[in-house]
Amino acid sequence: MMDRQFKGTLSFAQTEDSNDELSSFRERFYQVDGHIYMDGNSLGLCSKEAETAVLNMLRVWKENGIFLWNIEEGRYYQYSRELARLTAPLIGASPDEVIVAGNTTINIHQALSTFYKPTPSRYKILVDELNFPTDIYAVHSQVLQKGYEINQAVKVVPSADGRLINEDSIVSAMTEDVALVLLPAVFYRSAQLLDIAHLSTEAKRRGIIIGWDLCHSIGAVPHDLASADADFAVWCNYKYLSGGPGCVAGLYINRKHFNLMPGLWGWFGNKPETQFKMSHVFEKASNAEAWQTGTPSLLAMAPLEGALRIHNEAGMERIREKSLRLTAYLMFLIDERLGKFGFSYTNPTDDARRGGHVALTHNDAYRICNALKSHKVIPDFREPDVIRLAPIALYNTYVEVYALAEILEGIMQNKEYEAFGNKRSLVI
Ligand SMILES: *Cc1c(COP(=O)(O)O)cnc(C)c1O
């Protein structure tokens with residue numbers, strides 16, 4: 001961990017907040033009344049800019065009807081293009097390599113149906129044991145569609161401890177029968193951040209296509225996909241980025257692949273010049289726009305416009321710096337005040353290996369989570385024993401992190417969690 005000097009006093013946290021260059025961004029987000037929100041990695045909070053953009057979109061529809069596609073030089077018809085331009089700096093891509101479309105899962109399908117071209121000698125997809133289920137379901141169904149059995153064509157890198165994945169074992173699993181690798185940039189449970197540049201280089205050296213799932217990193221960790229020379233990437237926009245529940249997602253296609261045909265064709269992937277000729281011959285667009293399928297979901301994209309403007313204004317480097325400092329501070333407080341109650345954290349402590357949250361672990365994690373909620377702290381729980389705590393750079397404060405540690409200490413000292421049951425609820 002980078003050497004940071006923390007102190008375990010409230011006044012230290014207050015001083016940190018008053019020295020925080022990003023502190024003014026907090027008031028641009030709506031808080032969940034009276035709560036300490038530590039769940040921005042599951043669903044980011046609504047910003048005023050997001051609200052304004054949605055209200056604008058409603059107004060545009062109300063006032064223009066069908067003309068909305070024509071006004072402002074086709075801004076709404078090509079709204080994905082504008083959002084791509086705002087997304088590109090966050091991930092180190094060019095705007096024409098990015099589309100905002102679909103959801104993460106569909107974008108994985110789109111990418112796999114484009115890039116997964118199995119041959120008798122190279123037909124495997126390499127994944128890891130800890131990825132998010134939907135990524136794995138998509139891989140399984142794509143493999144089945146190509147006529148393989150799952151066990152035959154899906155190769156899984158195991159985790160030694162159920163929390164972290166060893167990068168060397170990923171590289172050694174990149175054998176000659178592997179056609180494609182799909183990995184998360186940050187693991188949703190442990191917050192482990194993989195070395196995208198290194199693993200992409202290793203895949204390329206072996207002639208393997210590599211795709212990255214940035215769901216748990218975009219908006220928290222700056223990426224440089226261009227210099228990593230990754231083949232494709234997918235992400236959702238509703239976690240750290242605060243694009244709204246079920247917000248339209250993202251897809252990156254490295255420009256060296258613009259000559260490929262997308263796996264899934266649709267009329268919004270046609271060249272804009274000929275789209276409305278309504279020909280039955282698909283003429284693909286010349287850039288990542290070829291990977292779009294249908295009409296853009298304007299109302300589900302609008303909040304993202306607001307959210308991206310805020311992220312660009314703050315800058316990903318500053319966001320990352322504060323995010324790392326907040327999580328380091330939280331780890332410091334856990335060490336100082338909570339270790340004696342059986343807590344530990346299983347996220348990497350090294351800045352270069354850690355995403356945006358702390359994976360607090362405890363045998364009684366579920367009941368402790370419920371006790372936290374009764375104190376108006378919103379964490380989230382991931383099976384079997386992880387409390388994810390994500391202090392978000394743009395809207396959480398050091399004082400909130402301090403208060404969180406204090407509340408946890410009280411819950412443990414008074415054994416309050418024993419009053420809560422272990423029956424799981426649906427989402428959080
Ligand atoms: C959140 C998340 C998803 C979500 O997929 P959706 O299609 O957006 O519901 C997928 N993959 C990973 C790694 C995630 O963290």
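Excluded from the calculations below are hydrogen atoms, water molecules and symmetry mates; all remaining heavy atoms, backbone and side chain alike, are included. Order of listing sets the numbers, starting from 1, for every ligand and every atom in it.
Each of the following atoms of ligand 1 lies closer than 4.0 Å to a heavy atom of T105: 5 (O), 6 (P), 7 (O). For ligand 1, the atoms lying closer than 4.0 Å to a non-hydrogen atom of C215 are 2 (C), 3 (C), 10 (C), 11 (N), 12 (C), 14 (C), 15 (O). Near N131, meaning under 4.0 Å from any of its heavy atoms, are these atoms of ligand 1: 13 (C). Set against the non-hydrogen atoms of H216, the atoms of ligand 1 under 4.0 Å away are 15 (O). If you number the atoms of ligand 1 from 1 as listed, the ones under 4.0 Å from a heavy atom of N103 come out as 7 (O). Contact atoms of ligand 1 toward T104: 5 (O), 6 (P), 7 (O), 8 (O), 10 (C) (distance under 4.0 Å to a heavy atom of the residue). For ligand 1, the atoms lying closer than 4.0 Å to a non-hydrogen atom of Y238 are 1 (C), 4 (C), 5 (O), 6 (P), 8 (O), 9 (O).
Only side-chain heavy atoms of D213 come within less than 4.0 Å of ligand 1; its backbone N, CA, C and O stay farther off. Residue-level proximity to ligand 1 for T134 is carried by the side chain, the only part with a heavy atom below 4.0 angstrom. In D135, the part holding a heavy atom less than 4.0 Å from any atom of ligand 1 is the side chain.
Within the structure, ligand 1 lacks N107 among the residues with a heavy atom less than 4.0 angstrom away.
No side-chain donor from either of T293 and W267 sits under 3.5 Å from a side-chain acceptor of the other. In summary, the side chains of N254 and D229 do present a donor paired with an acceptor at a separation below 3.5 Å, with no hydrogens or angles considered. For the residue pair T361/T346, the side-chain donor-acceptor check at 3.5 Å is not satisfied.
Using cut-offs of 30° and 60° for the angle between ring planes, the H357 and H216 rings count as perpendicular. Taking the six-membered ring for Trp and thresholds of 30 and 60 degrees, H257 and F115 have ring planes more than 60 degrees apart, a perpendicular arrangement.
No side-chain heavy atom of M301 sits under 4.5 Å from any side-chain heavy atom of C247. Side-chain contact between V156 and D128 is absent, with no heavy atoms from C-beta onward closer than 4.5 Å. Between H198 and E202, some side-chain heavy-atom pair lies under the 4.5 Å cut-off.
In terms of protein heavy-atom proximity, atom 1 (C) of ligand 1 is nearest to K239 NZ, 1.4 Å.
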